[in-house]
Structures are given as structure tokens and as C-alpha cells.
Protein chains: 2
Amino acid sequence: MDTKVFAHHDHAACQAEGIAVAAAVCAQKGLRLTPQRRRVLEILLSRHRAMGAYAVLAILRGEGMGNQPPVVYRALDFLVKHGFAHKIERLNAFIACTRPGAPHAPAFLICRTCDTVAEAHIDPGGGTLGDEAGAAGFTIERTVVEALGLCPKCRDAA
Amino acid sequence: MDTKVFAHHDHAACQAEGIAVAAAVCAQKGLRLTPQRRRVLEILLSRHRAMGAYAVLAILRGEGMGNQPPVVYRALDFLVKHGFAHKIERLNAFIACTRPGAPHAPAFLICRTCDTVAEAHIDPGGGTLGDEAGAAGFTIERTVVEALGLCPKCRDAA
DNA sequence: ACTTGCATTGTTATATGATAACATCACTTA
DNA sequence: TAAGTGATGTTATCATATAACAATGCAAGT
């Protein structure tokens, strides 16, 4: 789990690696990491917090890279579709993936005080829910798992 | 788990029980199940599908029980706050609780074809995620768990 | 180089989901 | 019956997301 995001870490490396991996994966799969898409990923990578689409759009606007909602939604759709970013349903917001390239079922720990989001990974068909779904004949294709609470830093501060 | 919702069942009893339990719980806790709130719960209970707030509002309008968004959002807030309904984050929609009255951490199985939603219950601190959160010092307060896939009926039809 | 085809981007308009703010009404209890 | 609280009515607005279509860019084959 990438709970390092709750503590100090080499964030510059964190960002650089995110872009590098995305570029490599795109090259390998024949996807186009265009300037807009790349910039949106950089913006998401700049913080371990989920950002709303319109917050991203505001930054793009300031840089002359797009003025209308579809611009940012298309870039976000691309990043989510190919696993470079995730949508946090509870927040209607987006965050860069910390394990791009590898297929995985993400789960998130969301701090309600500082809004930091850590990405964990789970077995989609595992646990009680997987057992019950299996028993009921329900086929799980995707999972949304988001835990809300307090990160260690905010808990200690309180 | 209430996976009976994927199959034929006595739905009239299902609905009646939902209202009866809510009324009993409200009486016990000194909450007011007003006509609007009761009617919204009835509407949600009428199907095992999540409904958007505006879909509920459209029905209320047709019955002269409220014309503006805040009417339905206030009723839904009440129902969710007291555990008579849940919000499905993935769908931005609401569904009646199948275990009203008892505190619980709900999880949902959402069929992408027929939109039926079954409610299961999980141990919020259990499983891999609970372990990892504990190890990271993260305190889980609430969980959003939504599995998307195919219910038995729709899987067989395909 | 040319052109054909497809992915990407630009732009307008609108759909969909949610809340702030304030006035009014109703129920309780002292 | 007045005061306090919770519930409702209403207007306006904010926030999130997508449809539709035009214009552009890029890559592959000839």
C-alpha cells in the first residue's frame, strides 16, 4: 500500500516516476500521451489529493491549454481508462494512480481532515463480499472501495 | 445478504416492512417520519434500484408533494442520516436500506444491465484493507463499497 | 507528395446533481 | 400564548458532466 503519502517522502521522484511510467506504457501500447493529457497527469501527480475536474480545468486555463470542460474530461477519461488515474466516486474527483501500468483493483483511504488519499490494492473477488457475491451468482467486474477516516498525522493532531 | 432482490420475492411485504420498521424506529427515537419523508421512502422501496434525486422529485411533483430540489434532498438527507436509505456514490443515486434500524456498514452489488442493487453487509475494519489501514495508522470511520457487475439473471440471459 | 481514415482538439450548448439563503409554517412545551 | 425548534416553501445559484458537431492533426499506404 502506498501509505507513504501520509508522511514525508521524495515527492519530486514520485511525480517524475509517474510521468515516466505513463510515457513508457503509452509507447509500449501505442497510446498517445499528448501534451494536454500529460499536463493533466502532471497536475494530478503534483499532490496526493483528489482534484475536481473544474479545479484541473482552472489550471489548464491559466496556462492556455484548454478553456472548456470537455477538454479536461477527455483527458481525465483517457487517464482513467488506461489506469494512469482513478476517480474517487465519493468526492467526484480524480487522483493519479500510484501503480500505473499494472492492472489492479484499487481501494482508497481518504483523510477527512487533510484530504490526502492513499491508494491500496485489494483482491476484487476476495473477502466476505466476494464470497457472498459468488454465493448469489453475482459476477463482480469492478469494485469501488473507499474508506473515509483520519490519517495518522491528523489523528495525532486531534 | 439481501440477494433475494435478484430473484422473485414477496415485494409487497418487502415494502410494507420497510415503512413499518422506519415508523417504529422513528417513534422510538423521537424522529418525525413526516408525510414527505415517508413518501420518499415509499418511492425508494418501490424498486430495488437506485433512483436519482430528480427522479424522486418528478414523482413528488406529480403528486403535489413538493416542487423544488431542496424538498427531495432534505427528505433524502433525513433518510440517509438515520439509516433508512443509502446513497450509491457510483450512481449519484439513492436506495432504500434493507436493514433499517440496525447500524451497519453496507456494501452493494450493482448489476450494470438491469440496474438492480443488492445490499450486503461487511465488517468495516476487516479484510485486507482493514489490516493495511491499521498498519498505516489510518482510522476508518466509514466505508464506501460498491461492486459493479452482472446479476445471475442478466448473466444467464447473456 | 497525396489522400484516406481515424484520433484528437475546439467550441457551443445543455443536461444532471446539489446547496445556500431566507421566509414561512407547525409543533412542542413551558 | 409566546418562545423556541424543527420542517417546509421558494428563489437563485453553484457544481459536475456530457451531447453534438466542426476543425485539425497524424499516420499509413500508394
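Naming: A, B, ... by sequence-line order, numbering from 1 per chain. Worth knowing before you read on, the calculation uses all heavy atoms, side chains too, and leaves out hydrogens, waters and symmetry mates.
Within 3.5 Å, a donor on the side chain of Y54(B) pairs with an acceptor on the base of dA18(C), or the reverse. At a cut-off of 3.5 angstrom, counting only N and O atoms as typed in the model, there is a donor on one side and an acceptor on the other between the side-chain of R74(A) and the base of dG10(C).
Between T34(A) and A53(B), the residue anchored closer to the 5' end of DNA chain C is T34(A), taking for each the nucleotide with the nearest heavy atom. Mapping P70(B) and F94(A) onto DNA chain D by nearest heavy atom places P70(B) closer to the 5' end of the strand.
In this structure, L57(B) atom CG and dT19(C) atom P are separated by 14 Å, rounded to whole Å. dA17(D) atom P lies 12 Å from atom CD1 of I88(A), rounded to whole Å. To the nearest angstrom, P of dT9(C) lies 15 Å from CD of E63(A). Remark: P of dT11(C) and CE of M65(A) are 14 Å apart, rounded to the nearest angstrom. The CG-P distance, from N67(A) to dT8(C), rounds to 21 Å in whole Å. Atoms CE (M51(A)) and P (dA15(D)) sit 15 Å apart, rounded to a whole Å. Here dA17(D) presents its C1' atom at 10 Å from CG of D77(A), a figure rounded to the nearest Å. Between R39(A) atom CZ and dT9(C) atom C1' there is a gap of 18 Å when expressed in whole angstrom units.
The phosphate of dA18(C) has OP1 or OP2 within less than 4.0 Å of a side-chain N or O from Y73(B). A close approach under 4.0 Å does not occur between any side-chain nitrogen or oxygen of Q68(B) and OP1 or OP2 of dA18(C). A sub-4.0 Å separation between OP1 or OP2 of dT8(C) and a side-chain N or O of Q36(A) is absent. Taking only side-chain nitrogens and oxygens, K87(A) never comes nearer than 4.0 Å to OP1 or OP2 of dT16(D). One finds a side-chain N or O of N92(A) lying less than 4.0 angstrom from the OP1 or OP2 phosphate oxygen of dA17(D). For R32(B) and dT5(D), the shortest distance from a side-chain N or O to OP1 or OP2 is not below 4.0 Å.
Atoms CZ and CZ, on R32(B) and R38(B) in that order, are 14.0 Å from each other to the nearest 0.5 Å. Here L148(B) contributes atom CG and I140(A) contributes atom CD1; the two are 9.0 Å apart, rounded to the nearest 0.5 Å.
Between H48(B) and H9(B), the angle of the ring planes lies from 30° to 60°, which puts this pair in the tilted group. Taking the six-membered ring where the residue is Trp, Y73(B) and Y54(B) present perpendicular rings, their angle passing 60° and hence far from 30°.
Taking the side chain of P69(B) as heavy atoms from C-beta on, and the options dT18(D), dT19(C), dT11(C), the nearest nucleotide is dT19(C).
No donor-acceptor distance shorter than 3.5 angstrom exists from the side chain of R39(A) to the backbone of L60(A), with no hydrogens or angles considered.
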